[in-house]
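Below you'll find the structure, written out as structure tokens, and then a few comments.
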Amino acid sequence: MAQRPRFVVQRHRATGDHYDLRFEADGVLLSWAVPKGPTLDPTRRRTAFHVGDHPLEYLLFEGVIPRGSYGAGDVVVWDTGTWAPHGTDDPRAAVAAGELHADVFGEKLRGRFALVRRGEPGDREQWLLVHKRDEFAVEGWEPGDHPRSVLTGRTNDEVLAEHDRVWRSDLPADQADVRLRPTADEVEAALGALADLGAQGTWEVFGRGLKVTNLDKELFPGRDGEAPVTKRELLGYTAAIAPTAVRYLAGRPLNMRRYPNGSQTKGFWHKERPGHAPPWVGSWDNPEADEGETRTYAVLDEPAALVWAAQFGALEWHAWTSRTDQPHRPTYALVDLDPGTDTSWEDLLVLARLHRDAFAHLDVAAFPKVTGSRGIQVWVPIARGPTFDDTRAWVERLSRTVGAVVPEMVSWKWEVRSRGGRARLDYTQNAINKTLVAPYSPRASAGAPVSAPITWDELDDPELRPDGFTIRTVLERVAQRGDLFAPVLAVEQTLPPLA
Ligand code: MN
């Protein structure tokens, strides 16, 4: 006997909250949107809208449909199980005739439901959904009293806050289900597949097939007598860190700096999307781009997209501090501590510690990282609202106050020509389209150093160096200490007024 077909009810918060009732039949999901949700109460009739068939791949999708896409919102698998049509063996014909009776065997829903069309056939037909009076009927039963996912126990709010899957409704169904957090096993499998490739081939990585070339090319010399960094090693690092790093890039325009042979090249993704970019790599057209300015940006929304960017030669990740949906509203304020031509690292640390004290005094959560080059950045997460003018003014005031403590050490952005050996407090990076290197981004130099989050306490560690962590050491650090920047994604604070 054939396996019973499956059914699902997804609670879907989009432009309106509703429940999507779907029955597997003929290789698709027959679908209705039920605003108030199905109920076991036989005295309640529910309005249901017949909507287009959905692909089978969507059956157990739980996660987020991105902004700007069809059905944008969050989805939990509210119920699932098997079902059998009653009184017909051709459910599609029954739907066409305007009446379907279904016996469902779910975790929440049980018993027989009837779906009956009201009014004329057409685009968004209105139907009625009612539970029959049978042994499974429960008067007074309301779906809102049972809000959690039967797959993971999560509510819609919890899925939205920590989602690990995205449905790309702009892609074919077999490419639409994006896993944002590959498991440790999936990362191992991707690294194993990379090791098994020759100089080139198709790499199966996080559900995507990616053409990779010149894997044994040396991109950078090693440090201190170590082996050179090959493209294969860099792609492997990118895959290993991508589940962590993608969270700082998703939804943000990426400035591509390409280093296909280890040094920077012109002629990168610029005026238009390159023809060889796979369809699952996101992009965004800046509607405000002027003639001659970059118009089309890559948006790396999934781990495999970082790997694609690395294969494309974009070894460094420089993302906007705002997202494409509100490009004029930053999600971080930034303090960029950049050494002058001969500022000592010790001087830079003095400035960084003064900022540490200032943030503690202000009770503002702020997170430092070394840039992988010569400097230190402090990221200050904010609730969206302030403009770049606001954050720039705030950081300028903060840094001027801090800098006044050690005026001999500091110069300002507009005094750049005279700054000589003094460190630069560059609050002008708080601007649209100014980009700072993202956490865990490799830097294109010997040994492939990495921009690495640090704790404030590490400013007092005599071993700390701005380029001290590399693609060969930072994974171990993340495995031991976790992602020190994780709060940057969770904290939504309002910057206090500065006197
Ligand atoms: Mn829906």
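Throughout, residue positions are numbered sequentially from 1 according to the sequence presented. All values below come from the heavy atoms of this structure, side chains included, with hydrogens, waters and symmetry mates left out. Counting starts at 1 for both ligands and their atoms, in listed order.
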Study note, to complete from the structure: min-distance N/O/S atom, His18 vs the Mn ion (ligand 1), resolves to NE2
Practice item. Indicate whether the side chain of Gln10 and that of Arg22 have a donor and an acceptor atom separated by less than 3.5 Å. Key: yes
Revision key, fill the gap. Looking at His12, the N, O or S atom sitting nearest the Mn ion (ligand 1) is ND1
Exercise for review: Return yes if a side-chain donor-acceptor contact under 3.5 Å exists between Asp20 and Tyr58, otherwise no.
Suggested key: no
Practice item. Measure the shortest side-chain to side-chain distance between Asp177 and Glu57 over non-hydrogen atoms and say whether it is less than 4.5 angstrom. Key: no
Review point. The Mn ion (ligand 1) is nearest to which N, O or S atom of Asp20?
Key: OD2
Revision key, fill the gap. So salt bridge (charged side-chain N to carboxylate O under 4.0 Å, His left out) across residues 236-247, not counting sequence neighbours, yields none
